[in-house]
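Report on the structure given below.
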Amino acid sequence: MKRAILRGTYFFMFLLVPIVAVSQETVSGVISDNNDLPVPGANVVIKGTTNGSTSDFDGNYEIVVNEFPATLVFSSLGYTTKEVQVTGGTILNVTMEESVTGLEEVVVTGLATTIKRTNAANAVASISAEALTGTTPPPTLDGALYGKFAGAIVNSNSGAPGGGISVKLRGATSLQGNVQPLYIIDGVYVDNSATAAGLNVVSGAAGQGSSSNQDNPSNRIADLNPEDIANIEILKGASAAAIYGSRAAAGVVIITTKRGKAGKTKFKFSQSTGWSQAINLLGVRDYNEQRVRDTFGDAAADEYNAALSSGNLVDYEDEIYGENGVISITNFSMSGGGDKTKFYAGVTHNNEDGIVKNTGYEKTSVRLNLDHRPADFVRFSLSSNYIYSSADRGFFNNDNTGTTIGIALTATRPWDKLYPNEDGIYPDHPNNTSNPLQTRDLITNNEKINRIIMGGTTNLDIYRSDRSNLELILRGGLDFYGQQTRAIFPKPLQFQKIANGGLNGVSSQGDIQNKNYNLSAFLVHGYTTENNLNFRTQVGITREYFDQNVELITATGLVASETNVDQAANTGVNQTRLLQQDSGFFAQEELNYQDKVIATVGVRGDKSSNNGDANKLSYYPKASLALSLNEFGFWKQDSVWDQFKLRIAYGEAGNFPPFGALFTSYNAFSTDGTLGISLIGVRGDADLESERQKELEFGTDLSFFDRRLNLSATYYIKNIDNLILQAALEPSTGFTQQFVNAGELQNKGIELSLDAIPVQTENLSWNLGINFFKNTSEITRLDIPAFNIGAFGATLGTFRIEEGSSPTQIVGIGPNPGPNGFQTFGNSEADFQMGFNSNLKYKNIDFSMVWQWKQGGDNINLTTLLSDLNGTSHDYDTIDLDPDGVLGNGDYRVSQLGQSARVFVEDAGYVRLRELGVYYTLTSEMLSNVIGGGIDSIRLGFSGTNLINIFDYNSYDPEISNFGGNTIFTGVEVTPFPSSKRFLFNVAVNF
């Protein structure tokens, strides 16, 4: 605080000092690109000062220079920074080269500031619009992140259209709290909830085993339109994410949307059309009469023979999962503006059918971004986005009633008669409680979203001189959406019939109202000394407000064919209200000495209504140091070395306690008309502290051969203190459990990124990117007894939390138990992951690929167990598991039930061709005679997603999670919606 006061005193004294111009002259000219087109909005700064200017609509610039000689620095996003020395007033025209290395990008250093990547002291990953959508249109925004950068575990939890993807950064950050990163879009805090539709009343999935969410709803970050994104920055570590304080322990994803540029209005129209299909169907068991008789009995053998002779054996797997879902993605945008006002407007419509009938995803997104500069000292920015989406997700995953489509399929044999008759009446399944074709055709599981995301920023230059400036930044944002879920199970369903013990129809209707808004104000002061020592100080205050109201009404015993919840014999209502208000401050000092030494120190202070003491401030410090050895003159300017930077950073971030942990909750009940309340068994603790992440990272960034070869390496150690866990209580207390701070979790990892331009000629260029990362997690302290969590028990394989072991280890009963009574069979955490990105361009042809390699990591495969128990597994009769070579795989796996969980734990590694694109571009020269030469380019091509999938995993896809994305205990499979591959034909017209 004392230092801040002194800095303020110096600043106001500086205002009183007269400025004397010795030899003031003007340098002016035009800034253009390689194609002789003007570059509007480029920055021109006198090196060593804060005195600068920007180019206008036509690329013209003008700057007053007080002392000569001087060096002018020309920079613009997407172009390589250029320095030119001038000795006097002159006309200087400058040509800027497009940047292909990404080193000229800016990355976040504070809530209101950025820095060139070459000077960054943190490992911050950036993904451009070209990397997101340039190869193939992704199904969702988070689905476009696969294999793009080191340190991110992107996992699809369900193959159903419309999302269900989780992103985890640098390993496990919590065991029972939030594990998803914080998303910021144009300064707006956006919600990424995944709210269940109430299917449990039918599936009974939470009736046994884990009570975690098993409906696998879509996550709300899937609402965003990838075509609107200009850049994504991922703050993976606490040293970078500390500026966001109590919500940043799982990392931060900062998204910047596209904005207009001064110049003529540009239009873009694109259309992608294609289809999707399952990546891997397992096939049908190789039945014969004897096998049918041995497994199902004589009556089944007679039915099999009759169906075989009449040609009526049906592949029901192909019938259910074999659809080719039609895909259509239409996008139109325009951008442009003048010196004072710039705009970007876009609309996108997606319509995708799923690989299962009556499933699909439809979304419309409308965006308008405006920038206005009424005077040189003030700028206004507005971002606005409206989204409507509708997703039909089917009925899949675990259940304890035999009703989901996947579980019913495991009990279905090719000779079972399941098709409806001529009157549309479906027969009951002879071998199961539900007919999967009837369920597919008659149920409804829909979620609709209406969402508005708006953000605004005002930048006011309070003071500006050659060496000093002061800027005020005001920012606000709103994220509001209404979500409706409708799950309807009509009375004619086999499992809804009263005669079959059903509920006589179910209608579950949910309504979610979510409103987030955030406000912030910052002062940013810059000062540069005569020897080019730059100080940048920023201080600010923030306010965040989060309000979510979830109402779920479930009705059973429907009247006639009504689906209204008031037309039912029984109605149940559940409501969850989450209201939280956060506020805090942020202060940071940055020092840059001639781009040689770059240091940062800062602190975030937060208080929240989510704390036991709402007025208690939690402090999150950060510090970093970067040394650019290439700037010290250790080697000649014509050396192959372009950059040699060493960096070290430290930071802390927090993770709030989960809902219901701080205060004791209760339920209401009624007995004979008398109302009362009852405790839910979990005792709250107002003194519970937030989980705190402390991370230290070391790294180096190297660049060679005129920046055609770039290497980044980072090693990090991340400790999570005050780990929040549930501890068992003595029944005499009146409670069964209590949340406690009872452990520590450590992650260690390494991240490597290599970017290269192996070939660059006039007609041929090749850009190659490779990233590698490995993370190892360990429970370093546990103050409560070890416990199992996150699966269905030690008989089938489960996760176990114990000191000295990985939190994602998979244990179970087995012939060689350890000291804890269980045998360790695997770990869901991968040994390592790699991504390969390649873009080859020959004249007008582009060929791009993204490969992903996940080595190791294990799943608990319970889909195969269920098909084994029903005698329907595709490899039931194959003999390659039994060490004695006697039993078929199905019989062997069933024989191990209750003996060893090993057979249910499988390697979930894979190699995938995540993205592929082949395009041909028609240039403006080729189209000069079309529409009067008004078309700039037409891009035609074919692209795909998940086209090649290599794995040994014995099910549809090793990338699954029965319990959704907001948990580290992924890798549990129970008859999921299978993943799909996509094939698209694309056309894009720029005019």
Side-chain angles (χ1 to χ4, degrees), residues 169-182 237-239 241-252 542 544 546 578-586 602-622 650-665 680-696 717-729 733 735-747 777-787 789 801 803 807 966-968:
L169 304 175
R170 290 186 173 176
T173 53
S174 180
L175 298 186
Q176 294 181 307
N178 176 60
V179 297
Q180 293 284 307
L182 171 66
S239 55
I243 56 177
Y244 289 96
S246 298
R247 291 180 170 270
V252 183
T542 64
E544 295 90 38
F546 305 92
L578 303 176
L579 178 63
Q580 183 171 334
Q581 299 180 48
D582 302 343
S583 60
F585 72 90
F586 177 68
V603 64
R604 170 77 180 243
D606 277 347
K607 63 179 182 179
S608 173
S609 62
N610 196 48
N611 292 329
D613 181 355
N615 293 313
K616 179 183 178 181
L617 274 169
S618 298
Y619 296 96
Y620 301 98
K622 60 172 289 187
Y650 174 82
E652 299 183 12
N655 198 8
F656 284 117
F659 177 75
L662 293 169
F663 304 101
T664 302
S665 301
I680 64 174
V682 179
R683 185 168 69 185
D685 182 3
D687 296 325
L688 193 69
E689 296 185 19
S690 295
E691 294 176 331
R692 179 173 289 264
Q693 174 183 309
K694 302 175 180 179
E695 184 174 60
L696 179 65
I717 303 173
K718 177 167 62 176
N719 292 294
I720 294 90
D721 298 336
N722 297 329
L723 201 61
I724 297 176
L725 302 169
Q726 283 186 287
L729 295 176
T733 64
F735 299 91
T736 58
Q737 290 181 319
Q738 178 177 345
F739 284 95
V740 294
N741 296 117
E744 293 182 3
L745 170 64
Q746 184 180 80
N747 289 275
S777 302
E778 181 184 349
I779 300 292
T780 54
R781 196 191 89 234
L782 189 65
D783 300 334
I784 61 176
F787 59 96
I789 189 174
I801 305 302
E803 188 172 310
N966 199 24
T967 173
I968 67 167

(message) Lys607: which residues meet the side-chain hydrogen bond (donor to acceptor under 3.5 Å, both in side chains) condition with it, sequence neighbours left out?
(response)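 Lys607 satisfies side-chain hydrogen bond (donor to acceptor under 3.5 Å, both in side chains) with no residue once adjacent residues are dropped.
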(request) Output all residues satisfying side-chain hydrogen bond (donor to acceptor under 3.5 Å, both in side chains) with Asn747, sequence neighbours left out; order by chain, then residue number. (result)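 Asn775, Ser777.
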How close do [X] and [Y] get, counting heavy atoms only, and between which atoms?
X: Ala250; Y: Leu169; answer: O-CD1, 3.7 Å
X: Phe787; Y: Leu725; answer: CZ-CD2, 4.1 Å
X: Gly177; Y: Asn655; answer: C-ND2, 4.3 Å
X: Ala241; Y: Val252; answer: CB-CG2, 3.8 Å
X: Leu745; Y: Ser174; answer: CD2-N, 4.5 Å
X: Gly584; Y: Asp606; answer: CA-OD1, 4.0 Å

Do the non-hydrogen side-chain atoms of [X] and [Y] ever get within less than 4.5 Å of each other?
X: Leu175; Y: Ile779; value: yes
X: Gln176; Y: Ile789; value: yes
X: Ile784; Y: Ile801; value: no
X: Phe656; Y: Ser690; value: yes
X: Thr542; Y: Ser583; value: no
X: Ile243; Y: Phe586; value: yes
X: Lys718; Y: Lys694; value: no

[X]-[Y] side chain donor-acceptor pair, cut-off 3.5 Å:
X: Gln746; Y: Asn719; answer: yes
X: Gln737; Y: Gln726; answer: yes
X: Glu689; Y: Asn741; answer: no

(request) Please step through side chain to side chain contact (heavy atoms under 4.5 Å, CB included) for the pair Val603 and Lys622, ending with a clear verdict. (result) CA-CA 6 Å; Val603 64; Lys622 60 172 289 187; over 6 Å; no
Any chance you could measure [X], atom [atom1], to [Y], atom [atom2], to the nearest 0.5 Å?
X: Thr967; Y: Gln180; atom1: OG1; atom2: CD; answer: 10.0 Å
X: Phe546; Y: Leu579; atom1: CZ; atom2: CG; answer: 11.0 Å
X: Tyr244; Y: Leu182; atom1: OH; atom2: CG; answer: 7.5 Å

Which residues pass the salt bridge (charged side-chain N to carboxylate O under 4.0 Å, His left out) test with [X], not counting sequence neighbours?
X: Glu544; value: Arg604
X: Arg683; value: none
X: Arg247; value: Asp582

Identify each donor-acceptor pair in which a side-chain atom of residues 610-621 lies under 3.5 Å from a protein atom, sequence neighbours left out, and give them as a table.
| from | atom 1 | to | atom 2 | distance (Å) |
| --- | --- | --- | --- | --- |
| Asp613 | OD1 | Asn615 | N | 3.1 |
| Tyr620 | OH | Ser246 | OG | 3.1 |

If we ignore hydrogens and angles and just use 3.5 Å, is the side chain of [X] paired with the main-chain N or O of [Y] as donor and acceptor?
X: Ser609; Y: Gln581; result: yes
X: Glu695; Y: Ala238; result: yes
X: Thr664; Y: Gly684; result: yes

(request) Step by step, work out the side chain to side chain contact (heavy atoms under 4.5 Å, CB included) result for Ile724 and Leu688. (result) CA-CA 8 Å; Ile724 297 176; Leu688 193 69; 4.2 Å; yes
(request) Give the intermediate values and the outcome of side chain to side chain contact (heavy atoms under 4.5 Å, CB included) for residues Phe739 and Val682. (result) CA-CA 8 Å; Phe739 284 95; Val682 179; 4.0 Å; yes
(request) Given side chain to side chain contact (heavy atoms under 4.5 Å, CB included), test Glu691 with Asp721 step by step and report yes or no. (result) CA-CA 6 Å; Glu691 294 176 331; Asp721 298 336; over 6 Å; no
(request) Show your reasoning for whether salt bridge (charged side-chain N to carboxylate O under 4.0 Å, His left out) applies to Glu652 and Arg692. (result) CA-CA 7 Å; Glu652 299 183 12; Arg692 179 173 289 264; 2.7 Å; yes
(message) Looking at Arg781 and Glu803, is any side-chain nitrogen of the basic one under 4.0 Å from a carboxylate oxygen of the acidic one?
(response)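 Salt bridge flag = no for Arg781 with Glu803.
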